[in-house]
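Side chains included, hydrogens not; waters and symmetry mates left out as well; all remaining heavy atoms used. First the proteins, then the strands, lettered A, B, ... as listed; each starts at 1.
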2 protein chains.
Amino acid sequence: MSKELKNTFYGNAQPLMIAVDCIIFGFDKEGLKLLLFKRKIDPFKDKWSLIGSFVDQEENISETGHRILKEYTGLTNVFLEELGCYGKQDRDPAARVISIAHFALIRLNEQQLKLVESYEAHWFGIDEIPDLILDHNKMIAAALEKLRLKARYQPIGFELLPKKFTIPQLKKFYDAIYQKKHDRRNFRKKILDMDILKKLTEKDKTTSRKGAFLYQFDKRKYNKLVKKGFNFTF
Amino acid sequence: MSKELKNTFYGNAQPLMIAVDCIIFGFDKEGLKLLLFKRKIDPFKDKWSLIGSFVDQEENISETGHRILKEYTGLTNVFLEELGCYGKQDRDPAARVISIAHFALIRLNEQQLKLVESYEAHWFGIDEIPDLILDHNKMIAAALEKLRLKARYQPIGFELLPKKFTIPQLKKFYDAIYQKKHDRRNFRKKILDMDILKKLTEKDKTTSRKGAFLYQFDKRKYNKLVKKGFNFTF
DNA sequence: CCAAAAGTGTTATCGCTACACCCATGA
DNA sequence: TCATGGGTGTAGCGATAACACTTTTGG
């Protein structure tokens with residue numbers, strides 16, 4: 001259908017600006033982290049902020065999210081999910097902008113940590129998030145809430161942990177999400193009973209003398225489990 | 001801040017049309033239902049569709065939803081929640097329109113059922129939804145999924161059932177949501193054990209000779225339970 | 001008096017929680 | 001040899017699921 005014809009149908013509608021803001025979670029030995037940026041434009045120039053971009057005419061919403069992630073982290077194929085729409089009329093004093101917040105989960109490594117500095121960005125621990133512009137703190141609170149909820153019925157550790165990880169590492173992740181120390185034995189049993197982990201012969205010796213066995217998710221078994229339906233209740 | 005000043009900040013952004021579409025659930029003796037409308041404008045005039053509206057410049061997103069509900073059902077203070085953003089570039093052949101889908105839960109009564117006819121609308125049983133325009137069938141599938149999820153940790157029966165209802169009615173609601181017949185005894189026990197229902201002395205005799213006792217939600221006790229956190233696992 | 005829905009209790013099983021000791025290793 | 005984190009098993013409790021008979025009353 002031609003652009004000219006298109007425009008005839010909804011002639012009375014008022015177009016609005018629409019943006020995507022990304023809540024980018026990462027995880028490493030120190031715990032759960034969040035990537036924040038020094039804002040480059042007015043208003044609120046140089047304040048801490050989530051990273052975002054306006055949605056282009058020719059772009060699907062999720063493409064906007066992936067474009068942002070590619071640009072600022074260099075990563076493609078990132079786990080990215082819609083969080084919700086932030087559309088209060090007065091949320092941005094500079095203009096009526098509707099933001100579709102998305103959250104992303106990425107694996108942290110040294111390369112990542114360095115790359116990010118070129119953008120005046122910083123990985124903040126989840127308990128040390130500063131005051132952000134607009135409603136960005138609210139978005140983050142909602143993202144954490146959703147992460148918790150999601151973790152109940154989907155092993156999202158997949159996305160945040162390295163490909164090979166130890167059970168104590170996995171436990172640390174859930175401890176961080178739920179802000180609660182889980183029992184080592186019960187945690188291990190429950191996870192292993194799910195039968196979605198493959199034990200490797202290698203050990204990770206970076207955190208103890210004895211070393212902890214590395215595991216991998218077994219995608220096939222995991223998918224079967226998801227279909228069947230299950231719920232974590234950590 | 002003046003309009004003129006506002007417009008200077010984000011000059012390069014391309015505004016888009018943004019709409020709210022409402023998935024309106026109702027529940028009565030026959031089961032879970034969905035309100036659909038014959039579309040009044042081209043393209044797809046006279047096809048079945050969700051009801052929606054463009055978001056006005058001066059309006060919060062949720063206000064758009066409530067405005068729609070008020071106009072087409074006469075109801076205010078309706079349970080309305082964001083479902084998600086449907087923003088594929090080509091979802092509407094007539095123009096680039098981004099839709100923020102919302103779902104609403106309303107109590108059905110005879111008055112409701114009549115009111116709606118004036119808009120060429122119809123309450124469809126949840127198993128007899130016709131083919132709808134655009135991505136509306138997808139939205140409905142997602143809404144049902146979310147309704148199920150939500151029902152696990154919130155007694156949403158509140159919103160859909162009449163103020164006074166019987167246990168068999170409540171069971172019917174959960175049967176409908178989960179498309180599964182629950183065991184009468186277990187269901188009753190579980191619900192009553194939650195201690196959020198107040199038994200009345202009246203009976204509803206419309207569905208049986210013996211009649212079933214009517215109950216009401218006890219808001220106070222319910223709120224306490226929500227705070228403490230719980231999960232239904234029907 | 002009978003059809004049709006409402007109401008009630010028990011038992012077996014499963015999953016969760018709590019809890020304490022041994023193991024492997026590098027320094 | 002010892003300090004540190006990794007690894008293991010069990011018993012008790014509470015929640016869930018399976019299951020069948022009695023009650024009420026309008027027609």
Side-chain angles (χ1 to χ4, degrees), chain A residues 28-31 151-153 155 157 161-162 164-176 178 180-216 225 228-234, chain B residues 28-31 151-153 155 161-162 164-176 178-216 225 228-234:
Chain A
D28 68 6
K29 294 195 202 312
E30 295 164 43
R152 285 186 180 229
Y153 58 94
L161 290 164
K164 300 172 180 183
F165 54 88
T166 66
I167 304 277
Q169 254 181 300
L170 187 61
K171 170 169 135 47
K172 195 165 177 185
F173 169 69
Y174 281 101
D175 286 354
Y178 290 116
K180 162 190 166 180
K181 298 267 173 219
H182 298 86
D183 181 89
R184 274 200 341 273
R185 289 157 290 196
N186 294 337
F187 181 84
R188 175 180 297 269
K189 191 177 350 155
K190 206 161 168 179
I191 286 285
L192 292 178
D193 281 354
M194 286 181 179
D195 193 33
I196 53 172
L197 295 187
K198 198 166 57 186
K199 186 174 183 172
L200 307 178
T201 50
E202 314 161 62
K203 279 188 162 187
D204 171 16
K205 293 206 164 190
T206 58
T207 53
S208 79
R209 312 214 151 132
K210 183 179 180 181
F213 280 102
L214 287 162
Y215 288 78
Q216 276 187 329
L225 187 63
K228 216 183 68 187
F230 71 99
N231 41 332
F232 284 84
T233 27
F234 292 106
Chain B
D28 68 7
K29 294 194 202 317
E30 293 162 45
R152 283 186 184 231
Y153 58 95
L161 289 163
K164 301 173 180 181
F165 55 88
T166 66
I167 304 277
Q169 255 179 299
L170 187 61
K171 170 170 136 45
K172 195 165 179 184
F173 170 69
Y174 281 99
D175 286 354
Y178 290 115
Q179 298 174 292
K180 161 190 167 181
K181 298 268 173 220
H182 298 86
D183 181 271
R184 277 203 334 278
R185 289 157 290 194
N186 293 338
F187 181 84
R188 176 182 296 269
K189 191 178 346 156
K190 205 160 168 179
I191 286 285
L192 290 178
D193 281 355
M194 287 180 180
D195 192 34
I196 53 173
L197 296 187
K198 200 167 53 185
K199 187 174 182 174
L200 306 179
T201 51
E202 315 161 61
K203 278 187 163 188
D204 171 15
K205 294 209 164 188
T206 57
T207 54
S208 79
R209 311 214 147 121
K210 185 180 179 180
F213 280 102
L214 286 163
Y215 288 78
Q216 276 187 331
L225 188 61
K228 214 183 67 186
F230 72 97
N231 43 330
F232 283 84
T233 28
F234 291 108

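The distance between atom CD1 of B:I191 and atom C1' of C:dA6, rounded to the nearest whole Å, is 16 Å. In this structure, CG of B:D193 is placed 13 Å from P of C:dT8, rounded to the nearest angstrom. When rounded to the nearest whole Å, the span between CZ of B:F187 and P of D:dA18 equals 16 Å. Atom C1' of nucleotide C:dT17 and atom CZ of A:R184 are separated by 15 Å, given to the nearest angstrom. Nucleotide D:dG6 holds its C1' atom 10 Å from the NZ atom of A:K199, rounded to whole Å. Whole-Å rounding puts the A:H182 NE2 to C:dG15 P distance at 19 Å. Put simply, NZ on A:K180 is 12 Å from P on C:dC16, counting in whole angstrom units. The nearest whole Å value for the distance from the NZ atom in A:K171 to the C1' atom in D:dG5 is 12 Å.
How far NZ of A:K205 is from NZ of A:K210: 11.0 Å, rounded to the nearest 0.5 Å. The distance from the NZ atom of A:K172 to the OG1 atom of A:T207 is 8.5 Å, given to the nearest 0.5 Å. If you take CG on B:L161 and CG on B:D28, they are separated by 10.5 Å, rounding to the nearest 0.5 Å. Atom-to-atom distance recorded for B:D183:CG and B:K189:NZ is 8.5 Å, nearest 0.5 angstrom.
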Quiz prompt | Sugar-phosphate or base contact per nucleotide [nucleotides 22-27 of chain C; S, B, -; heavy atom under 4.0 Å] | solution = -BBBBS
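By the neighbour-count criterion of 12 heavy atoms within 6.0 Å, atom NZ of B:K181 is sparsely surrounded, having that number or fewer from other residues, nucleotides or ligands. For A:E30, the CD atom is loosely surrounded, since the number of other residues' heavy atoms within 6.0 Å does not exceed 12.
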What's touching nucleotides 9-12 of chain D from the protein side, N or O pairs under 3.5 Å?
unit_1	atom_1	unit_2	atom_2	d
D:dT10	O4	A:K189	NZ	2.9

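At distances below 3.5 Å, at least one donor-acceptor pair connects side-chain atoms of A:K171 with backbone N or O atoms of A:H182.
In this structure, A:T207 reaches the sugar-phosphate backbone alone: every heavy-atom distance under 4.0 Å involves primed, P, OP1 or OP2 atoms, never a base.
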Quiz item: What do the steps show when you test B:L197 against B:I167 for side chain to side chain contact (heavy atoms under 4.5 Å, CB included), and what is the final call?
Solution: CA-CA 10 Å; B:L197 296 187; B:I167 304 277; 3.9 Å; yes
Self-check item: Worked verdict on A:L192 versus A:Y215 for side chain to side chain contact (heavy atoms under 4.5 Å, CB included)
Solution: CA-CA 10 Å; A:L192 292 178; A:Y215 288 78; 3.9 Å; yes
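Residue B:K190 places at least one side-chain N or O under 4.0 Å from the OP1 or OP2 atom of D:dT16.
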